[in-house]
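The block underneath contains the structure these notes are about, expressed in structure tokens.
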Amino acid sequence: MADAFHFSAIEIAGLHDRATRLWHDDSFHVVATGHPFEGTVLAQHRANFDLWHTEDRARAPHATDADIAEVKRAIDRYNQKRNDLAEQCDVMLLDYAPAALRSQAGFASTAQLSSESPGLMIDRLSILALKIFHTEQEVARPNAPEGHNERNRQRLALLTEQRDDLVACLDQLWSDVLAGTRRFKIYRQLKMYNDPTLNPAIYGSNH
């Protein structure tokens with residue numbers, strides 16, 4: 001992505017792939033060098049990356065109850081961050097859309113409303129990048145059981161097709177938004193489990 005705002009779902013998918021590889025190689029200094037939107041996309045992907053590997057810790061056969069409790073709290077934090085950053089992607093995209101198309105509700109009400117926002121689609125692309133990376137590892141896994149590599153080659157082909165479809169849909173959505181034929185809203189997740197004023201398991205413990 002260039003310094004001037006330029007939206008490309010293909011480039012977002014490429015950024016996800018590059019960051020995923022570097023993070024797995026323990027290179028944590030992946031820095032967004034383009035527009036600030038790229039930094040938000042990267043931070044959102046990092047939240048999914050951390051969430052993915054934290055969930056794996058809970059599935060370890062020898063995880064203790066204390067380990068699982070700690071992991072559960074970490075999962076809640078990462079999941080909240082993931083959703084907040086997906087919403088932030090939408091906030092930024094609404095800011096970058098041509099002013100003539102913007103309104104308090106999103107875009108001109110005559111445009112067709114998309115049921116899924118770009119931020120939610122970017123979140124799905126992030127998860128697909130992680131699935132693709134780990135499936136590629138299983139394809140190349142040495143000494144795997146018979147048939148394992150082939151099954152994962154088939155999974156990889158399906159995951160790649162799904163991502164290609166989603167990339168095309170996201171680019172088309174943004175193109176339609178710029179043309180004024182489609183619009184999107186920021187769909188707030190309104191998570192309740194981390195809010196001490198809304199989760200009875202938290203505020204009820206004070207009585």
Side-chain angles (χ1 to χ4, degrees), residues 1-56 78-79 81-98 114-141 149 151-179 182-184 186-187 189:
M1 296 179 186
D3 289 340
F5 181 69
H6 164 68
F7 184 89
S8 168
I10 294 174
E11 293 180 17
I12 288 171
L15 176 64
H16 284 161
D17 282 342
R18 289 193 300 276
T20 301
R21 288 193 298 270
L22 287 169
W23 289 334
H24 278 97
D25 289 337
D26 293 329
S27 176
F28 292 95
H29 302 292
V30 183
V31 179
T33 57
H35 194 277
F37 179 72
E38 181 181 312
T40 303
V41 169
L42 189 61
Q44 201 276 337
H45 185 47
R46 180 69 206 199
N48 271 322
F49 179 94
D50 290 335
L51 178 61
W52 177 290
H53 294 92
T54 301
E55 288 176 337
D56 279 350
Y78 287 131
N79 200 39
K81 186 175 182 180
R82 160 204 177 191
N83 284 290
D84 289 346
L85 287 165
E87 288 181 8
Q88 184 60 28
C89 286
D90 286 331
V91 170
M92 297 178 80
L93 288 173
L94 283 173
D95 285 342
Y96 302 145
S114 173
S115 64
E116 188 172 34
S117 72
L120 293 176
M121 297 171 81
I122 289 168
D123 179 59
R124 289 172 58 197
L125 284 176
S126 169
I127 295 168
L128 279 166
L130 293 166
K131 288 182 177 180
I132 286 170
F133 177 87
H134 287 280
T135 303
E136 287 174 340
Q137 286 189 319
E138 293 304 315
V139 168
R141 177 178 156 191
N149 306 84
R151 282 195 301 274
N152 280 281
R153 273 191 287 271
Q154 294 172 3
R155 286 171 55 90
L156 181 60
L158 182 57
L159 288 167
T160 302
E161 179 183 356
Q162 289 174 350
R163 183 167 68 169
D164 288 346
D165 288 347
L166 185 56
V167 162
C169 287
L170 180 51
D171 272 335
Q172 185 62 57
L173 172 59
W174 186 246
S175 178
D176 291 345
V177 164
L178 295 181
R182 294 175 75 191
R183 61 191 172 100
F184 68 91
I186 300 171
Y187 286 105
Q189 297 298 308

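What you see below is based on every heavy atom in this structure, not just the backbone, and it leaves out hydrogens, waters and symmetry mates.
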Greater than 12 external heavy atoms within 6.0 Å of Ile10's CD1: no
Check: Asp84 and Gln88 side chains under 4.5 Å, non-hydrogen atoms: no
Test item: Arg163 and Val167 side chains (from C-beta on) under 4.5 Å apart, heavy atoms: yes
Stepwise side-chain contact (heavy atoms from CB on, under 4.5 Å) test for Ile132 and Glu136: CA-CA 6 Å; Ile132 286 170; Glu136 287 174 340; 3.8 Å; yes
Side-chain heavy atoms of Phe184 within contact of Trp174, under 4.5 Å: yes
Asp123 side, atom CG; Asn48 side, atom CG - distance, nearest 0.5 Å: 5.0 Å
Reported NE2-to-OG1 distance for the pair His134 and Thr20, which is rounded to 0.5 angstrom: 8.0 Å
Distance in Å, Tyr78 OH paired with Arg46 CZ, rounded so as to fall on 0.5 Å steps: 7.5 Å
Test item: Asp165 and Glu161 side chains (from C-beta on) under 4.5 Å apart, heavy atoms: yes
Sidechain-backbone polar pair: Asp17 side chain, Ala129 backbone, donor-acceptor under 3.5 Å: no
Verdict with reasoning, Ser117 to Ile186, per side-chain contact (heavy atoms from CB on, under 4.5 Å): CA-CA 7 Å; Ser117 72; Ile186 300 171; over 6 Å; no
Rounded distance [0.5 Å steps], CZ in Phe7 versus CG in Leu173: 7.5 Å
Note, Arg82 side chain near Ile127 side chain (heavy atom, < 4.5 Å): yes
side-chain contact (heavy atoms from CB on, under 4.5 Å) assessment of Leu93 paired with Phe5: CA-CA 10 Å; Leu93 288 173; Phe5 181 69; 3.5 Å; yes
Partners passing ring-ring contact (aromatic ring centres under 6.0 Å, His included) against His45 (at least two apart in sequence or in another chain): His16, Trp23
Qualifying residues under side chain to side chain contact (heavy atoms under 4.5 Å, CB included), relative to Thr135, sequence neighbours excluded: Asn152, Arg155, Leu156, Leu159
